2 protein chains.
Amino acid sequence: MPKKNHNKNGSVTLKEVAAELGVSAMTVSRAVNNSPNVDVKTKKRILAKVKEMGYTPNLVAKSLVSSKTFTVGVVIPEISHSFFPDVVRGIEEVLDSKEYQILLTNTSDNFEKEKKVIQALKSKRVDGILISSSLTTDDFSFYEELINSGIPIVFFDRCIENLGASCIKVNDQAATQQITEHLIKLGYKKIGYLSGPKNVSIGKARFDGFNMAMIKNGLAIDEKLIVENGYNEKGGYDAMNELLMLPEKDRPRAIVAVNDPVAFGAMDAIKEANLRIPEDIAIVGFTNDIRAKLVTPPLTTVNQPAYDVGKKAASKLIATIQEKGDLVENVELITSLVIRESCGSQLKN
Amino acid sequence: MPKKNHNKNGSVTLKEVAAELGVSAMTVSRAVNNSPNVDVKTKKRILAKVKEMGYTPNLVAKSLVSSKTFTVGVVIPEISHSFFPDVVRGIEEVLDSKEYQILLTNTSDNFEKEKKVIQALKSKRVDGILISSSLTTDDFSFYEELINSGIPIVFFDRCIENLGASCIKVNDQAATQQITEHLIKLGYKKIGYLSGPKNVSIGKARFDGFNMAMIKNGLAIDEKLIVENGYNEKGGYDAMNELLMLPEKDRPRAIVAVNDPVAFGAMDAIKEANLRIPEDIAIVGFTNDIRAKLVTPPLTTVNQPAYDVGKKAASKLIATIQEKGDLVENVELITSLVIRESCGSQLKN
DNA sequence: TTGTACGCGTTATCAA
DNA sequence: TTGATAACGCGTACAA
């Protein structure tokens, strides 16, 4: 005779435990949840039976009653791009300590997919969502509606600002300005810029930083030296090859890349053209990717504290979830310049 | 007067939509789920109202009824170690196409945490779990019970085999044997091994492969040249330093590292000791980490198809979830040797 | 074509 | 201290 410990799903319920003991489901519930008003002896009996039968509380049912899932959605453009795993690590660290878990989604830098996964996260009733957005248009209506719907949202890295959600990122504009000015101080004048889509927040902020540096230092911004492509290696490779097709006299002597992967792609293109870095073309990036110090020559870049971005974003989201009156803030974490060899060290011209 | 579109959670229910339209909840349900038996005109009215009110189906309630969450747990030792993001990418690719999502957990290589997160995943009633285990003892009782409880499990990379769950990994033993024999063919005889904990499946398999190569080629296995530590850079660094404390004549002339991060740590230690790679000490790894081709000298290693491991594991899990009669299998994906410079190229001695 | 009743597993509430 | 009941939001099974 098979034991009747299980319902159709193979999982034991409160009611089944209760039946075995001749008590009510409520009493079992109270025992399991450490409620005060349970007789010590019945509690003992119950917990023993719970263990024996392998009862596991059904959080789905609990969530239906409480409207809490203890699950947070995380929306990321590309989990295999080295910045994001470290962010996720920071997020996980904080959420785990609060007994939350991560529903991880990858958008492949595709806004349509981003909308789709966020819809799914809403359906699953996550308690909040952390988003690094791939939106590349000026149409913010999707996020306006999302935020107005009341679900706690915190953006990180790639933010959609001023819509009522907090945002955790780094000082993208100032840092890009700073690293561009580093090139300028070294004597470079013809500086090109490899951009990602500028409607992504970091795209605009970093580009503004580049322009600011050029303008403040009285340098000409040559539209031909500004190329926009994707945020990955291939984007950098293709963009750089476009610049390399310019007549030699028009080519930039230095390159500011919107991030390290783009810089890596560009370095490959430069080397394939049999040009030297930094002697022929200097280059700087942004991220301090794990590979930045390993490439040849090592890449001058901006160190972006990925782990801290993740921790801060998760903390902010938890605060937003728990205290309804929690402030909306834009937090900028501080970066630092990492000078290596790809930018050269002597005055040039 | 505030609209009464919302219940206490701010989310609209079927019943609320129904009330607005003077129909029953069931009719709305049918319209939303494309059931055949709904009048075209009422369906149109309903869908319009659904959109207007921002109704989002409550999957928590649906899951309670159906015992399906369309969520899969993923248990990973360390998400920031470069092998795993690529695995996750593969998992995500497959799951997304089946409309499943990932509940991602990080165990920090800690089995106690592993048990805790798996318990949480069970409580959340995930439809299945993908696990790369950090178990370092011979006590498999936790996994025996888990698998016997009936929840679909697929292990990947770090497997617990022969307990009734499928396992997707690479040919760890054969590949380690092969890369060790590559060193032997180059003329190395005193070969050291930097191991991770050997109760982790890959720890044992790779160590066996190393031993097999040595024995088959009639080389002595010197216990002093075998050091066990963690699976990360620090583990490799510390282990290598232990070897470097040996008298110079006892030191290994070549090193097989259990994975690339360990190899990187070891390379740092070797360089700090002012020894040359490969002239003084040759080294090989396992993974083909993104950094392997960038370090100095570039690391000879085994290419491990992380993305494919993820895809295969996810496919297998979905099959296990959907077809109760699906076979338990151990799948070994094929690796390939990547010869670079860290192993040298001439006969030595 | 549409509606009613019931149950999924749990807890809040009130009664005993 | 314990139990009965209702409710969370939805869909199945049936009835109208």
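Below, chains carry the letters A, B, ... as their sequence lines are ordered, and counting in each starts from 1. Note that the coordinates shown come from a computational prediction; the quantities given were computed from them, not determined experimentally.
For the residue pair B:Arg30/B:Thr42, the side-chain donor-acceptor check at 3.5 Å is not satisfied. Inspection of the A:Asn199 and A:Thr136 side chains reveals no N or O donor paired with an N or O acceptor under 3.5 Å. Side-chain atoms of B:Asn330 and B:Lys169 form no donor-acceptor pair, as typed in the model, at a separation below 3.5 Å. In this structure, a donor-acceptor pair under 3.5 Å is present between the side chains of A:Asp139 and A:Ser141. Side-chain atoms of B:Ser133 and B:Glu114 include a donor-acceptor pair closer than 3.5 Å.
Note: CG (A:Leu64) to P (D:dA6) measures 17 Å, nearest angstrom. C:dT11 atom C1' lies 16 Å from atom NZ of A:Lys68, rounded to whole Å. When rounded to the nearest whole Å, the span between NZ of B:Lys44 and P of C:dT1 equals 16 Å. Atom NZ of A:Lys15 and atom P of C:dT11 are 13 Å apart (whole Å). Rounded to an integer number of Å, the gap from OH of B:Tyr55 to P of D:dG9 is 10 Å. Per the geometry, CE belonging to A:Met26 stands 9 Å off C1' belonging to C:dT10, to the nearest Å. Note: CZ (B:Arg125) to C1' (C:dG9) measures 9 Å, nearest angstrom.
At most 12 non-hydrogen atoms from other residues, nucleotides or ligands lie less than 6.0 angstrom from NZ of B:Lys44.
No contact: A:Val60 has no heavy atom under 4.0 Å from any strand. As judged by a 4.0 angstrom heavy-atom cut-off over every strand, B:Leu14 is placed among residues touching the sugar-phosphate backbone only. Among the atoms of the strands shown, only primed sugar atoms or phosphate atoms (P, OP1, OP2) are found under 4.0 Å from some heavy atom of B:Thr42.
Taking side-chain N and O atoms only, B:Thr27 has no distance below 4.0 Å to OP1 or OP2 of C:dT2. For C:dT10, the OP1/OP2 oxygens have no side-chain nitrogen or oxygen of A:Ser29 closer than 4.0 Å. For the pair B:Asn37 and C:dT2, the criterion of a side-chain N or O lying under 4.0 Å from OP1 or OP2 is not met. Between B:Lys62 and D:dG11 there is a side-chain polar atom (N or O) within less than 4.0 angstrom of OP1 or OP2. Neither OP1 nor OP2 of D:dC8 sits under 4.0 Å from any side-chain N or O of B:Asn58.
Cation-pi geometry between A:Lys51 and A:Tyr55 is not satisfied (NZ or CZ under 6.0 Å from the ring centre, within 45° of the ring normal).
Looking only at distances, a side-chain donor or acceptor of B:Ser63 sits under 3.5 Å from a matching main-chain atom of B:Lys68.
Nucleotides of DNA chain C nearest to B:Ala61 and B:Val38 differ in position, and the one nearer the 5' end is that of B:Val38.
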For nucleotides 14-16 of chain C, which of its nitrogen or oxygen atoms have a protein nitrogen or oxygen under 3.5 Å away, and what is each distance?
none

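For the pairing with A:Leu104, the side-chain contact (heavy atoms from CB on, under 4.5 Å) check across B:Ile79, B:Val88, B:Leu103 returns one residue only, B:Val88.
Remark on the helix from C:dT1-D:dA16 to C:dA16-D:dT1: inter-end axis angle 50°, axes from five-pair C1' superpositions, rounded to 10°.
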Check against salt bridge (charged side-chain N to carboxylate O under 4.0 Å, His left out), A:Asp39 and A:Arg45: CA-CA 10 Å; A:Asp39 184 88; A:Arg45 278 173 59 218; over 6 Å; no
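Checked against C:dT10, D:dT1, D:dC10, the side chain of B:Val65 finds its nearest nucleotide in D:dC10.
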